[in-house]
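All of these numbers come straight from a predicted model, not from anything done at the bench.
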Amino acid sequence: MIEPPPVTNRIADIDSTGGLPIGGAGIPRRLPDGAWVIALLAIVVALFAVLPFGRLIWAALAPAGFVDPGPMLAEISRRAAMRATWHSIETGVVSAVAATALGGALAFILTLTDVRARRSLSFCFILSMMIAPQVVALAYFTLAGPSSPLLNALGLAPPPGSNNPLMSREGIMLVLALHHAPLAFVTLRAGLRSLPADMAEAALTAGAKPWRVMRSVVLPLMRPYLAASLALTFVAAVGNFGIPALLGVPVNYLTLPTLIYRRMVSFGPSVIADAAALSLLVALIAGAGVALAAWWLKRAGAGTGGSGSARFSRGRPIGVIWTLRHRLAVEIGVWIVVAVALFLPLVSLLATALVPSYGVPLTWATATLDNFVEVLVRQDVTVRAFRNSFIFAASSALFLALIAVPLAYSLDRQVGRMRGAVEGVIEIPYALPGIVLAIACILLFLKPLPLLGVSIYGTPFIILFAYAARFLPVALKAPAAAVGQLPIELEEAARICGASFFRRLRSIVLPVVAPAATAGGLMVFLFAFNELTVSALLWSSGTETIGVALFSLEEAGFASPAAAIALTAVVAVAAIMAFLDALAPRLPPGILPWRE
């Protein structure tokens, strides 16, 4: 039998490695063995973040093989690029303000008041954010205008020949605001839960009215989160491709992502250097928003003070902070907002999918299921798109779920003070617009791989690589939270008894973290199944995805089959969210954004 080394010597050895104490003296936060896990983390970070974006920066700054920013400056100073930049900024700013106002109002109501059905309202509102942007754009496009089957069925359609009001700058801003309002809702509700309870409770005990508590206590403390919400929704709008593509391209209102897409579709890899320059411009704009959001959130975490409770009142319902006199009226108003954000567009999609062609009024005589049969059974392209999307999403979800446990363990136990920097690098492919990642992947894999002599450009593997890079932070969130809640003393005891690193990982860490890794994989599937922004530039014949098929059908004028695809995808997303909701009791708190 192997005798364990003396405890005093072991602690001294570990302390000499720089372990960080988490409790009593001599209890390290970082363990010295398991070097292969750190190596895996380094490989993943280099492969999925450093190499693609390093290649993008080099292509933009050194298109001829040596550093020369002249071509990049010439490209971004062209009239089309300047106009697209302005369009991206103006739609981003306006939609961010509107989304923060709408999402903030719902966050305050559903967190601080005694409205009923908070969980159902949160689920439905956040479901509207989980729906792919191109589906949202198609839903609102078919809802408005003279050809709307729903409005024609109700006798409310505009006169024939009039323009669709959503196919405009203002329409893009409106749809972006509605789509990103749940993002502001999640951010601001998290801020409300982190505020110290003692200040609000002291004000209420002193006789202050709820409005005064809101004005004097809550809002001043929420300013950093409000600023972070503005920054995050701005970044989401700048990088959004689906909504400006469906509502802006037909009227020649181009943002930077749609300009890059049009250049690549028209000229192919021959303009890859110009696309890299424009992508770097998008990355700089979005990166500034991400940095601002991170700075404000860090300031919020350092400046709230107080008890730091997750709620204003511990052990009592949230409603005690503000008991509404006209609760029913407020509830009706909230449900109307949720209906506009979710139910009304879905009803419009259903009406469009049930008519033979877009523009035909929906009646009992015209209603048909042929569009669903066409896209799910008859058409090889759409059937293949569903199959591809399922395979791509499931494969990337499974791969990321498998590596998430050792990566999360390495981040929490072994990286130490470098964790923030490493997590920041991992977040780059997810934080920056998908069109930037797509261009980076094209640049990285356009030529055959060194040593191997094989190119994955134009194959399904480049899409799988892009999905893995983009959604790695999503897969890591739940396992990282679970590892952080696992007492390190269990591993210490096992190590003292001679258990190897792999056995500790398999017997102690994996059983606890596996449900969280499963949830992370399902979240990846949820995002990847409807993805368009990345695959719009990476797909080739035979590798079409649902997003690509929907976008192509809508561009060709086949709105009814596109609506059938969109509705099927929404049902799949809702089913996955419902399954995750049922799995929530086994997950760390805060993983599912629609649950308190």
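- For the pair T543 and I462, the minimum side-chain heavy-atom distance is 4.5 Å or more.
- One N or O on the side chain of S266 and one on the backbone of R262 form a donor-acceptor pair closer than 3.5 Å.
- In this structure, R79 places its CZ atom where only 12 or fewer heavy-atom neighbours from other residues, nucleotides or ligands lie under 6.0 Å away.
- Between I546 and N530 the shortest heavy-atom distance is CG2-OD1, 4.2 Å.
- Here the side chain of T255 pairs no donor or acceptor atom with the backbone of A84 at under 3.5 angstrom.
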request  = Please report the C-alpha distance between F551 and Y261 in whole Å, then the side-chain angles of each, then the deciding distance to 0.1 Å, and finally whether the ring pair (Phe, Tyr, Trp, His ring centres under 6.0 Å) criterion is met.
outcome  = CA-CA 13 Å; F551 182 60; Y261 173 79; 5.7 Å; yes

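- No side-chain heavy atom of N152 sits under 4.5 Å from any side-chain heavy atom of L362.
- With a 6.0 Å radius and a threshold of 12 heavy atoms from other residues, nucleotides or ligands, F461 has its CZ atom at or below the threshold.
- A donor atom on one side chain and an acceptor atom on the other are not found under 3.5 Å apart for S88 and T85.
- A 4.5 Å side-chain heavy-atom check between F471 and E531 finds at least one atom pair inside the cut-off.
- Between the CD atom in E554 and the CG atom in L246 there is a gap of 4.0 Å [rounded to 0.5 Å].
- L151 and G145 make their closest contact through CD1-O, 4.1 Å (heavy atoms, listed as atom of the first residue, atom of the second, distance).
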Acceptor/donor pairs from residues 96-107 side chains to any protein atom, 3.5 angstrom cut, sequence neighbours excluded:
residue: T100; atom: OG1; partner: A96; partner atom: O; Å: 2.9
residue: T100; atom: OG1; partner: S229; partner atom: OG; Å: 3.1

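- When the options V334, I126, V337 are evaluated for a side chain to side chain contact (heavy atoms under 4.5 Å, CB included) with L121, the one that passes is V334.
- Residues L432 and A283 share a closest heavy-atom pair of CD2-O, 3.7 Å.
- The shortest side-chain heavy-atom distance between I272 and M264 falls under the 4.5 Å cut-off.
- The shortest side-chain heavy-atom distance between I172 and H87 does not fall under the 4.5 Å cut-off.
- Between A401 and G521, the shortest heavy-atom distance links the atoms CB-CA, 4.2 Å.
- A distance of 5.5 Å separates CZ of F241 from CG of L532, quoted to the nearest 0.5 Å.
- With contacts defined as side-chain heavy-atom distances shorter than 4.5 Å, the pair T368/V355 does not qualify.
- Atom CZ in R189 sits 10.0 Å away from atom CZ in R118 (nearest 0.5 Å).
- Using a 4.5 Å cut-off on side-chain heavy atoms (C-beta onward), V136 and Y140 make contact.
- Residues that satisfy the salt bridge (charged side-chain N to carboxylate O under 4.0 Å, His left out) test with R387, not counting sequence neighbours, are absent from this structure.
- Nearest heavy-atom pair, A81 versus I76, reported as atom, atom and distance to 0.1 Å: CB-O, 3.7 Å.
- Here the OG-CD distance, from S95 to E170, works out to 12.5 Å after rounding to the nearest 0.5 Å.
- Just one residue in the list Y225, F125, F123 forms a ring pair (Phe, Tyr, Trp, His ring centres under 6.0 Å) with F185, and that residue is F125.
- At least one side-chain heavy atom of V135 sits less than 4.5 Å from a side-chain heavy atom of L349.
- The side chain to side chain contact (heavy atoms under 4.5 Å, CB included) test with S396 is passed by exactly one of Y467, F465, F527: Y467.
- For T533 against I435, the heavy-atom pair with the smallest separation is CG2-N, 3.3 Å.
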Show me, pair by pair, the donor-acceptor contacts under 3.5 angstrom made by side chains of residues 555-578, not counting sequence neighbours?
residue: S560; atom: OG; partner: T352; partner atom: O; Å: 2.9
residue: S560; atom: OG; partner: Y358; partner atom: N; Å: 3.2
residue: T568; atom: OG1; partner: A564; partner atom: O; Å: 2.8

